[in-house]
Amino acid sequence: MKFFVDSADIEAISDLAATGMVDGVTTNPSLVAKSGRDFKELIGEICQAVKGPVSAEVTATQADAMLAEAAELAAIAENVCIKVPLTWDGLRATRALADMGRQVNVTLCFSANQALLAAKAGAAFISPFVGRLDDTGADGMGLIADIRQIYDNYPDLETEILVASVRSPEHIRQSALIGADVATLPPDVLRSLINHPLTDKGLAAFLADWQKTGQSIT
Ligand code: G3P
């Protein structure tokens, strides 16, 4: 399972990249606005920090304008992945970009039928927003399971499931059990994956017992 960092915070991204656990990055207009940074400059820095796909989202809503923005974004770095919203214009742009050999991440997915449309349009990634669905009382992880089953029914569909709007380690556990290809995690959720009190307790006990031996390995 690939881990992407869902952030536009270059310091947080760089820190996590140093762990060797980061396979890509996803940004969105809200995350970029929160960073206060120049969009293109920031994407360039992120593409340097992480060599995997870096999702940069278009802000146009008409297909032709999306393609013009995509050309600008693709010119920043070879690992830029163009992100488009799940609209008819977004799907038209996806098909055009896929035909050019560009990777596209189709975002704001909330239904299995939407995911099927994105795959038919040639998306490299589909981003179902599990946390936002949960927030409404819907079953976010149920959507991931549906998309997994649908995509597996049709081997010619090559779109990877990129679980987005992740809120907890439990979303990651369930996504991995279902067989999602990628999850994009806020930095604090990624960091929390390693936490378990018995690990901390066990290590403390090992080290305390070792110290009693008076030995050192080096
Ligand atoms: O960046 C895409 C998605 O992960 C954002 O989800 O709900 O945290 O804004 P959310």
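Sequential numbering from 1 along the given sequence is applied to the chain's residues. Bear in mind that the values here come from a model prediction, so they are computed numbers and not experimental data. Atoms within a ligand are numbered from 1 in the order they appear, just like the ligands themselves.
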If a pair satisfies salt bridge (charged side-chain N to carboxylate O under 4.0 Å, His left out) and one of its residues is in residues 162-187, list it, with sequence neighbours excluded.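 Qualifying pairs, neighbours excluded: Asp135-Arg167, Arg148-Asp181, Glu170-Arg173.
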With ring pair (Phe, Tyr, Trp, His ring centres under 6.0 Å) as the rule and sequence neighbours excluded, what pairs involving residues 158-192 come up?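 As it turns out, there is no ring pair (Phe, Tyr, Trp, His ring centres under 6.0 Å) pair with a partner in residues 158-192 once direct neighbours are skipped.
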Give the protein residues with at least one non-hydrogen atom closer than 4.0 Å to an atom of ligand 1, ordered by chain and number.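 Within 4.0 Å of ligand 1, the protein residues are Asp6, Asn28, Lys83, Phe129, Arg132, Ala164, Ser165, Arg167.
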Looking at Arg92 and Asp89, is there a salt bridge between them, counting it only when a charged N and a carboxylate O are closer than 4.0 Å?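 Arg92 and Asp89: salt-bridged.
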So which pairs with a foot in residues 110-120 pass side chain to side chain donor-acceptor pair (under 3.5 Å), sequence neighbours left out?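 Every candidate side chain to side chain donor-acceptor pair (under 3.5 Å) pair involving residues 110-120 fails, so no pair, neighbours aside, qualifies.
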Taking Met66 as the fixed residue, which of Thr59, Thr94, Val58 is the one that meets the side chain to side chain contact (heavy atoms under 4.5 Å, CB included) rule?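 Only match with Met66 under side chain to side chain contact (heavy atoms under 4.5 Å, CB included): Val58.
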Keeping the roles fixed (side chain from Glu45, backbone from Ile10), state whether a donor-acceptor pair exists under 3.5 Å.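 No: the side chain of Glu45 does not pair with the backbone of Ile10.
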